[in-house]
Q: 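One structure follows; several queries about it will come next.
Here the structure is a predicted model, which is why all the values come from computation and not from measurement. Residue numbering restarts at 1 for every chain, and letters A, B, ... go by the order of the sequence lines.
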Protein chains: 4
Amino acid sequence: MSVGDTEKTTAAPSERGRLDKRRAIVEAALRVFARVGYAQASLDMIAAEAGVAKPTIYNHLGSKENLFRHVMTETAARANGKTLEVLDSFPNEVDRLRPGLEEVAHKLVACYCDEQSQAVRRLLYAEAVRFPDLFDEVRASGPDQFIEALAGRLARLANAGHLRIEDPVRAANQFIALVYEELPTLSTFGSRPLDPKEADKVAVAGVDTFLRAFGE
Amino acid sequence: MSVGDTEKTTAAPSERGRLDKRRAIVEAALRVFARVGYAQASLDMIAAEAGVAKPTIYNHLGSKENLFRHVMTETAARANGKTLEVLDSFPNEVDRLRPGLEEVAHKLVACYCDEQSQAVRRLLYAEAVRFPDLFDEVRASGPDQFIEALAGRLARLANAGHLRIEDPVRAANQFIALVYEELPTLSTFGSRPLDPKEADKVAVAGVDTFLRAFGE
Amino acid sequence: MSVGDTEKTTAAPSERGRLDKRRAIVEAALRVFARVGYAQASLDMIAAEAGVAKPTIYNHLGSKENLFRHVMTETAARANGKTLEVLDSFPNEVDRLRPGLEEVAHKLVACYCDEQSQAVRRLLYAEAVRFPDLFDEVRASGPDQFIEALAGRLARLANAGHLRIEDPVRAANQFIALVYEELPTLSTFGSRPLDPKEADKVAVAGVDTFLRAFGE
Amino acid sequence: MSVGDTEKTTAAPSERGRLDKRRAIVEAALRVFARVGYAQASLDMIAAEAGVAKPTIYNHLGSKENLFRHVMTETAARANGKTLEVLDSFPNEVDRLRPGLEEVAHKLVACYCDEQSQAVRRLLYAEAVRFPDLFDEVRASGPDQFIEALAGRLARLANAGHLRIEDPVRAANQFIALVYEELPTLSTFGSRPLDPKEADKVAVAGVDTFLRAFGE
DNA sequence: GATGAATGAGTCTTCATTCAT
DNA sequence: GATGAATGAAGACTCATTCAT
């Protein structure tokens with residue numbers, strides 16, 4: 001057992017309890033916000049769902065608005081991280097081009113359809129008027145970076161002569177537009193969960209069209 | 001008795017005034033909802049913006065929820081109608097294929113960026129949790145029909161041998177996915193108005209990619 | 001019966017009811033504020049005491065702070081008016097000097113001990129930290145004017161050779177200081193109502209001392 | 001090593017720290033109460049100003065109400081003590097009558113205008129409804145005793161034939177009424193600090209009038 | 001003994017909705 | 001039919017107070 005472990009274990013009870021409580025609050029808040037939206041979510045609901053008293057939320061997070069911001073940025077960071085990891089599967093060898101892109105597309109769709117991911121996206125859209133800066137922040141730290149990374153990968157393939165791409169950033173945007181296709185419209189609000197089967201077929205078709213346009 | 005009077009008098013002064021009042025309410029409501037969202041829009045604001053008393057809104061529209069539904073469906077119907085008209089520009093002759101599709105793309109982007117259109121879309125997304133049925137209704141009467149119509153046009157071109165398309169509905173979806181590209185993500189909430197210039201370039205690029213994939 | 005009267009009488013019911021309700025609120029608020037102080041007075045108490053619903057208070061007066069301001073200024077104006085009227089009894093003839101001053105003193109004490117007058121004064125003192133401007137306003141429109149008027153009367157008597165006064169404003173201040181004597185200290189807070197009998201004796205003694213100092 | 005030192009040292013640094021902490025709390029509380037009033041003063045503010053944790057206040061003083069009582073009585077005792085000392089300057093010899101009284105008046109005004117003195121007085125007035133007994137207690141142990149003592153001094157002068165006074169207690173009250181004049185009204189709430197210069201002139205004039213009435 | 005954390009009660013305020021005019 | 005006035009319900013937030021450490 002390391003010293004670090006010891007510290008955590010010994011000094012734990014209060015500290016551990018505090019962090020647990022904070023986490024419980026944030027998680028409960030995400031669930032409630034996702035279920036009924038920002039305006040309809042009362043702190044009473046959240047407190048009940050988290051199993052804490054209302055003032056405890058204020059002690060930890062300060063205000064309803066602040067709570068929302070924390071929930072959004074934390075969850076978005078997690079989701080964005082996962083999405084970025086998808087690029088690890090990006091194909092480097094030409095003979096794996098189509099199956100590699102399909103795998104990427106498949107994983108992207110999976111990330112997109114992930115429950116928490118959908119929830120943040122929906123809430124971000126829904127409250128964009130109230131929290132425009134929050135939207136910008138999440139967008140900058142997530143999708144924008146992803147597009148950049150994806151464009152880089154595509155450019156490398158293009159340079160190697162495996163794809164005919166002039167504008168990699170545009171191509172990257174079109175790639176995800178084709179892969180997600182109508183997911184943005186369908187799922188944004190997540191009233192109904194998406195059918196991953198169907199979404200996968202759409203994604204494969206998107207890759208197909210992408211390769212028809214830029215392949216070889 | 002003047003002509004102006006005649007108009008008013010026949011349909012009855014009250015009737016005319018009544019309809020005017022109703023229209024004023026609905027228009028004011030759209031502006032207010034678009035500005036601050038459903039939950040934040042108080043009937044006081046709307047009544048003030050419309051220049052009527054609060055109970056008058058109830059007399060005409062019954063309830064806040066009902067008012068919202070009316071505003072959404074009426075505005076959406078108008079916007080969807082305009083979008084559908086765009087297909088009148090769809091190219092029938094093969095030699096106008098690219099410029100024709102570009103014209104369609106251009107007009108679609110214009111429709112998409114129209115202020116009222118953006119407002120309804122944003123509100124529909126934002127309140128999709130609260131009004132899932134409303135979302136479905138508007139979607140069924142708008143985008144779904146548009147995709148069907150567009151698919152039909154594409155199928156005709158494919159049958160004539162001008163495009164290589166197997167699944168016209170999918171192609172239609174991909175066409176608008178490519179044309180709008182990141183518009184859905186960018187504009188959904190309309191915090192910032194879109195730059196039509198930039199959007200147009202994206203749309204032309206979308207048409208290009210579409211034709212690279214399905215052309216000839 | 002004049003036209004104005006007619007209008008009032010006919011159009012009355014609603015208007016009458018509205019004003020009645022406003023008056024009821026203000027009066028109830030004065031009672032509650034006087035009883036428990038500004039901070040402890042909840043709008044629930046006031047609403048209950050006035051026999052109206054809480055929002056009605058907001059419709060009429062806007063906010064707790066505003067309500068307090070109105071209650072204070074209105075009540076103070078009434079009280080100040082009565083105090084000013086006391087000077088009508090001020091003696092003009094020299095042979096009524098002492099009894100005249102005693103009458104003035106007597107009436108001043110009565111005004112001072114008036115329940116509402118005490119209530120405003122106490123509240124004004126108690127909340128002077130929170131509402132310094134309110135205190136200044138009431139003071140300027142009341143006591144300051146009264147001192148000026150009293151100084152004028154004294155100056156006239158001095159000019160006529162009936163009093164030996166160099167600085168009439170100072171003498172005026174000293175007159176009321178002697179008449180009220182420890183009333184300010186005793187009553188400010190009105191925990192116990194003052195004994196008018198006792199206060200009257202003090203006032204007469206004050207007049208006596210005043211005449212010993214400035215008389216003849 | 002002195003006995004005093006021994007006591008402190010033996011009783012332990014903790015004891016010393018404890019008393020320091022208590023004193024820090026009471027002083028901080030006075031500042032906060034003076035600044036924002038009883039109801040607005042939160043224990044959080046006081047704890048922060050004292051540099052201690054909130055429960056520590058409860059350990060030492062029990063409750064907010066109790067804390068207020070302690071602060072008031074302790075501070076009032078100090079202020080009252082100083083005021084009582086003023087009488088040491090009271091003139092015994094007839095040839096120092098006027099300058100002696102003026103000196104007393106001057107010192108009284110100084111005591112009255114002392115920052116802490118004003119703060120207690122203001123708070124006592126402001127919270128007289130909530131703490132009537134506290135007001136009585138302070139009054140009995142302060143002003144009442146002072147008046148008694150002053151009356152005694154005046155009686156002695158009267159008996160010696162230097163002043164024509166029938167009712168010494170009344171005269172004492174009138175003396176301070178004339179000396180303070182409108183100080184009670186002006187300063188009670190201490191929004192603005194009093195101008196000692198001006199107050200001094202008023203006091204001298206008060207002594208003058210007092211002597212005009214009772215002198216010789 | 002001192003503290004960080006948690007809480008139950010209570011406050012002001014807003015809003016959708018309904019009468020009486 | 002249109003309106004001014006009134007209301008019941010509900011929500012965000014604060015605070016004095018108490019445990020467990």
Side-chain angles (χ1 to χ4, degrees), chain A residues 11-22 25 39-47 51-60 62-65 67, chain B residues 12-15 17-18 21-22 39-47 51-60 62-67, chain C residues 10-22 25 39-47 51-60 62-65 67, chain D residues 12 14-15 17-18 21-22 39-47 51-60 62-67:
Chain A
S14 70
E15 191 60 21
R16 170 72 173 277
R18 177 164 174 70
L19 286 182
D20 281 359
K21 216 143 233 174
R22 189 200 150 97
I25 292 173
Q40 276 56 42
S42 82
L43 287 194
D44 279 313
M45 292 184 208
I46 297 176
V52 302
K54 220 190 320 181
T56 304
I57 301 182
Y58 283 89
N59 286 341
H60 280 271
S63 73
K64 186 184 182 183
E65 176 173 333
L67 171 60
Chain B
S14 63
E15 190 59 22
R18 180 167 168 69
K21 219 145 234 179
R22 188 201 151 93
Q40 277 56 44
S42 82
L43 286 196
D44 278 310
M45 293 184 208
I46 297 175
V52 303
K54 230 188 316 180
T56 304
I57 302 183
Y58 283 88
N59 288 340
H60 281 274
S63 75
K64 187 184 183 184
E65 177 174 331
N66 215 355
L67 170 59
Chain C
T10 357
S14 70
E15 193 58 22
R16 170 72 172 276
R18 175 162 174 71
L19 286 181
D20 281 359
K21 214 142 237 176
R22 188 199 150 97
I25 292 173
Q40 276 56 43
S42 81
L43 287 194
D44 277 312
M45 293 184 207
I46 298 176
V52 302
K54 224 189 315 181
T56 303
I57 302 182
Y58 283 87
N59 286 341
H60 281 271
S63 74
K64 188 184 182 183
E65 175 173 334
L67 170 60
Chain D
S14 63
E15 190 58 22
R18 179 166 170 70
K21 218 144 235 179
R22 189 201 150 94
Q40 276 57 43
S42 80
L43 287 195
D44 278 310
M45 292 184 208
I46 298 176
V52 303
K54 231 189 311 182
T56 304
I57 302 183
Y58 283 87
N59 288 340
H60 280 274
S63 74
K64 186 184 183 183
E65 176 173 332
N66 215 355
L67 170 60

Q: Dump the pairs, protein N or O against N or O of nucleotides 18-20 of chain F, anything under 3.5 Å, distances to one decimal.
A:
none

Q: Under 4.0 Å between any heavy atoms, over every strand shown, what does C:A47 touch: base, sugar-phosphate, or nothing? Just pick one.
A: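 It contacts nothing in the nucleic acid.
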Q: Distance check needed: E:dA16 C1' versus B:N59 CG, whole Å only.
A: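 From B:N59 CG to E:dA16 C1': 15 Å.
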Q: How is the base pairing of DNA chain E summarised as a dot-bracket string, given the Watson-Crick and G-U wobble criteria with both distances under 3.5 Å, [ ] for crossing and | for another strand?
A: .||||||||||||||||||||
Q: DNA chain E: B:Q40 or C:D44, which has the more 5' nearest nucleotide?
A: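 The residue whose closest nucleotide sits nearer the 5' end is C:D44.
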Q: Hey, which sits more toward the 5' end of DNA chain F by its nearest nucleotide, C:V52 or A:A39?
A: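 Upstream on the strand: C:V52.
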Q: Residues in side-chain contact (heavy atoms from CB on, under 4.5 Å) with A:E65, at least two apart?
A: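 A:Y38, A:S63, A:R69, A:F131.
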Q: Tell me if a side-chain donor or acceptor on B:K21 pairs with a main-chain N or O of B:H60 at a distance below 3.5 Å.
A: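 Not at all, since once roles are kept as given, no pair shorter than 3.5 Å links the two residues.
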Q: Select base, sugar-phosphate, or nothing to describe what B:S42 touches, counting heavy atoms under 4.0 Å on all strands.
A: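 Answer is sugar-phosphate: B:S42 comes under 4.0 Å of backbone atoms only.
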Q: Whole Å only: how far is the NZ atom of D:K64 from the C1' atom of F:dT14?
A: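 Atom NZ in D:K64 sits about 11 Å away from atom C1' in F:dT14.
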Q: Starting from C1' on E:dA16, measure out to CG on B:N66 and report it in whole angstrom.
A: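 Rounded to whole Å, this separation is 14 Å.
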Q: Rounding to a whole Å, what distance do you find between A:I57:CD1 and E:dA5:P?
A: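 Atom CD1 in A:I57 sits about 16 Å away from atom P in E:dA5.
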Q: Where do A:I57 and A:I25 come nearest, in terms of heavy atoms and distance?
A: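 Shortest heavy-atom contact: CA-CD1, 4.1 Å.
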Q: Atom CG in B:N66, atom OH in B:Y58: separation rounded to 0.5 Å?
A: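 OH of B:Y58 is found 11.0 Å from CG of B:N66.
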Q: Considering only heavy atoms from C-beta outward, does the side chain of C:L67 approach that of C:L43 to under 4.5 Å?
A: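 In contact.
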Q: Looking at A:T56, I'd like to know whether one of its side-chain N or O atoms comes within less than 4.0 Å of OP1 or OP2 on E:dA5.
A: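 Answer is no, no contact under 4.0 Å.
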Q: Kindly say if B:H60 contacts the phosphate of F:dG1, meaning a side-chain N or O under 4.0 Å from OP1 or OP2.
A: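 False: B:H60 side-chain N/O out of range (4.0 Å or more) of F:dG1 OP1/OP2.
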Q: Starting at CE of B:M45 and ending at P of E:dT17, how long is that distance when rounded to a whole Å?
A: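 The distance from CE of B:M45 to P of E:dT17 comes to 15 Å, rounded to the nearest Å.
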Q: Calculate the interatomic distance between A:I25 atom CD1 and E:dA5 atom P; express it in whole Å.
A: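 A:I25 atom CD1 is separated from E:dA5 atom P by 12 Å.
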Q: Quick one: side chain to side chain donor-acceptor pair (under 3.5 Å) partners of B:K54, sequence neighbours excluded?
A: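 Counting only residues at least two positions away or on another chain, B:K54 forms a side chain to side chain donor-acceptor pair (under 3.5 Å) with B:D44.
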Q: What heavy-atom pair brings A:A53 and A:A47 nearest, and what distance separates the two atoms?
A: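 Nearest heavy atoms, A:A53 then A:A47: C-CB, 4.2 Å.
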